[in-house]
Each structure stands twice: as structure tokens, then as C-alpha cells.
Amino acid sequence: MSVDGFSTATSRRRFPDDFLWGVATAAYQVEGGAGQGGRGPSIWDTFSHTPGKVRRGDTGDIACDAYNRLDSDLDLLASLGVRAYRFSIAWPRIQPVGSGSVNAEGLDYYKRLVAGLRERDIEPLATLYHWDLPQPLEDAGGWPLRETAERFAEYAAIVARGLGDGVSRWITVNEPFVVANHGYRTGVHAPGRADEAAAAAATHHLLLGHGLAVQAMRAELDAESQVGVTLDLTVVRATTDQAKAVAEEIEAESNNVFLDPLLVGTYPAGIVRASLLPSPELIMDRDMAVISAPIDFLGVNYYAPRTVGLRDENDELRRGEVRISDHPGAVTVTGEGVASTAVGWPIDASGLYDLLVQLHGRAPDLPLYITENGMAAEDYVDPEGSVRDYERISYLRDHLAAAARAIEIGVDLRGYFCWSFLDNFEWAEGYQKRFGLVYVDFGTQRRTPKASADFYRQMIAANAVPAVTG
Ligand code: FCB
């Protein structure tokens, strides 16, 4: 494959001039420095140190050691040519016990990060909650408890006050579906609880936390500052007409349970199982108005579409089919010949296009950012010292081409953040799954930009996606 399509103006897709090209990370996945700077413990410290929770017992104690490598990582970021950097703030660095006084050393770390980005002409995009809840708040009940949403708004105000000068774009919560579902319903993520009612309550309090944080931040920030939220949204396809109903149901469970409250102030009725929705007594009078107060943009994390089909309980499964436990008779299907990533997610950029068009149809005036997109691959440094991740180059090219097509038909997409800047701690998968544009040798912390980093830099410089020429 050749990616030398940059030179031929006719064969490439251009982006709007102010398109925000970035890369993304999250605090627990890259920072390390777990015991440094007065940081308190989070649920991910506890979870990763619990045997059997994370593959091979990996933890984020050291991760990419980004906490101690601020300047050199900033230089590395700048060398990628990115215009923006999405990072998350570790709540337990700011408030080590999740409430009360501010840990100045923690806040100072992010002030230095933001100043360093500005010096290099890189826009900061700060996420307030990327899953590292201070452990004392979980001990008190965690997200299933309403007070956690109130604590979150206090923390949001502190951070807005401390960093509002340098940061003009904010994301409240990253992927509330994953927090509620993986953290409280299946328990495969921290805090590892498997309690359906707790997950439904967490859903409401995550949304409420978002809404209260928006209010609290707007009171601290200037009028130009933008505040949004990031959802992981899925396109669910059906293998047959008969499977359409279940596909719609599954899509609504992850997308509409969050989109509907945010956009129209109601939980989806009818299509979603009642057990996934917060019970009415948890929803106080003004909650839905708080949750649906206008946001400045929606962040979208997209990795792969999902395809579902029907298969009777007694039928034998075909290759590539996996039963969906919550939906008896339904299976997830990975079609034959469909390439997939190192975490097994199918590669299909048309899902991104469909999703963007669908969102635009629902909320035409809401600016969108792709706040995460990327792939895990079996990367390694070869004897010449290179990481030739050609499959990631194709993935990025195809997904950016899909994004460009969506813009051409009128979708208000303002930017794209590749997940991820660095290989990092991939939650329950530990360090084996590499998503970075930059390879990290975790034992030595040596960073090696992959071929995809070079490709990404070229796309940014051209403000275009090249055509495939071979
Ligand atoms: C998303 C997370 C992000 C990263 C990617 C692969 O769900 O937001 O932290 O782990 O998946």
C-alpha cells in the first residue's frame, strides 16, 4: 500500500481550515506517579491491585510515567504536529479524598501541562472524569449515590477556577455508559460491582453529575469557554430483517439511555429494558432539566460497529458468533473476512460515517468532535528500530476519509482526536493492547514514534486524507 496521495490535490479529501487535529490520553492510563504529589487512591488503584481483575496483574502505578516526563512528552506531542491534546485530570490529584480542600501540588501539575501545551501552540481539551473516582467516594457508595454527582460538581468548579485561564474546551464525563455498565453492572472495570440496580442508579447520577458540573463550570468560566460530554456511541446493524428489532434495542441501551436525557431531557421509553433505567424515585424534580441544559459540543468515541443476528437457544453457533447474554436468542456476529483489531473489534469505517450522519440528523446544531478513534495492533520495534504499523495507517486513513465525507454532506464535525498519543494501560487488558501512535517500551519508558505517527503528521500538515494509490 502506498499513502503518497498527498501530492495529488484531486485525489484527496480536505478538512475545514480550523479542523482540530489532536491525540488523546487519560490520566490513569499514562500518568503513573500514583503515590506522588499528594495524589489519593482511586478505584482503579484498588481494582488493578486486586488479583484477577486486570490481565497479568498490570497496574497503572507507573504506566507511561507521564507525570514525571512532562517536558519531553510535550516536545514529543509537538513533534507530531498536533493542534490539540485531549488529556484527563485525575480527580484524586486535585482532591485526594474526593471532597474538601484542594491539593495544590496536583493542580500545579495540570497548570504546567496546560502552560506547556500553550507554549507549543497546542490547544488543551480537558476531561474531568475518565474513570478514576477517588476511592473514599466509592467507599461512601460511588456513582449509585446521588452525593457523588454533587461532589463531582464541586471538583469541576475547582478545576475550572484553577485551569480556566488556559483551557477553553472541557469534557465533563468520558463514556458514562462504560462507567455504569462495566463498572457497576458487569464489574469488569473498577469498582467491579455486578449489581443491575446500582448500575441504573449510576447512570442517572453520572448524567446528573455532568449537568451539575456544566452549571458549576459555567459560573467560573468566561463566555467563550466550551463545555461538552463524551459518549461512546455504537452503530448496531442487523444481519436480517428479523434481527432489526433486537439491533435497535441494543443500540438504544447504550446510545439513547444517554443521548435522550442529554438532548431532550427524558429517558427512552418502551424500547429499553426497565432494569437499565433509573427508578423514578431517584429522579428529583429539576434533574432532567439540569441534565438537558444545552452543551457546546458532543464528544463521540467510535471504534467499531456491531452486527447482531438471531440464533435460537438450541441452535449451534456458527463461526464468529457469540451469544448476547442479556438478549436470549441474539448473537453478535463477526462476519467472515472482516478484519479486526488486536482487541477483536471489527474494522469498518462506514460505521463512523453512519453514526455521524445519524447524530447530525438528531441534533443538527450541535457541533461534534470525534474525541477517540483508533486501533490496537500487535506492534513491535523491529531490528531496524522502526514500528511499521501499516494496519493502523489504513485504519486512520479510512476513518478520517469517512469523517471527511460526513463533513461534505453537512455534518458539523469540528475535530478528531486519535486514541492514543502513547501506548498505555488499557484498563482490564493491561499493557498488552497497544493503541498508541507512539510505541512505549514500558520497562525503559523509551518512546518510539510509529509509522502511523509520521502518517498522522502528514495528514495534519496537508489538512487532508490522502487517496490510496495502490
Ligand atoms: C475507550 C476509553 C479509552 C480507551 C479506549 C480504547 O472506551 O475511553 O480510555 O481505553 O476505549
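Start at 1 and go down the list; that is how both ligands and their atoms are numbered. Since the model is a prediction, treat every value here as computed from it, not as a measurement. Along the sequence shown, residues carry numbers from 1.
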V178 contact mode with ligand 1 (heavy-atom cut-off under 4.0 Å)
neither

Which atoms of ligand 1 sit under 4.0 Å from any heavy atom of W427?
3 (C), 4 (C), 9 (O), 10 (O)

W131: numbered ligand 1 atoms lying under 4.0 Å from its heavy atoms:
2 (C), 7 (O), 8 (O)

Short list, please: which atoms of ligand 1 are under 4.0 Å from a heavy atom of W419?
3 (C), 4 (C), 5 (C), 6 (C), 9 (O)

Backbone or side-chain N or O of W345 under 3.5 Å from ligand 1 N or O:
no

In the structure I gave you, are the side-chain heavy atoms of L107 and L163 within less than 4.5 Å of one another anywhere?
yes

Tell me which protein heavy atom sits closest to atom 5 (C) of ligand 1, plus the residue, atom name and distance to 0.1 Å.
Y303 OH, 3.2 Å

Over all heavy atoms of both residues, which pair between K111 and G162 is shortest? Give the atoms and the distance, please.
CE-O, 3.3 Å

In this structure, CG of L355 is separated from CD of E251 (nearest 0.5 Å) by 8.0 Å

Could an N or O of ligand 1 be found under 3.5 Å from any N or O of Q29, whether backbone or side chain?
yes

Centroid-centroid distance, Y416 to Y369, less than 6.0 Å:
no

Sole residue of W91, W143, Y155 in side chain to side chain donor-acceptor pair (under 3.5 Å) with Y129:
W143

What are the atoms of ligand 1, with element, lying closer than 4.0 Å to any heavy atom of H130?
2 (C), 3 (C), 8 (O), 9 (O)

Just which atoms of ligand 1 are under 4.0 Å from any heavy atom in E426?
4 (C), 6 (C), 10 (O)

Looking only at side-chain N and O atoms, does T230 offer a donor or acceptor that is under 3.5 Å from a partner on N301?
no

Provide, to 0.1 Å, the distance between atom 2 (C) of ligand 1 and the closest protein heavy atom, together with that atom's residue and name.
E372 OE1, 3.3 Å

Under a 4.0 angstrom heavy-atom cut-off, which atoms of ligand 1 come close to F435?
6 (C)

With no hydrogens and no angle check, just 3.5 Å: does a side-chain donor-acceptor pair link Q358 and D354?
no

Distance to 0.1 Å, residue and atom name: give those for the protein heavy atom nearest to atom 7 (O) of ligand 1.
E175 OE1, 2.6 Å

State yes or no: are the ring centers of F19 and W21 separated by less than 6.0 Å?
yes

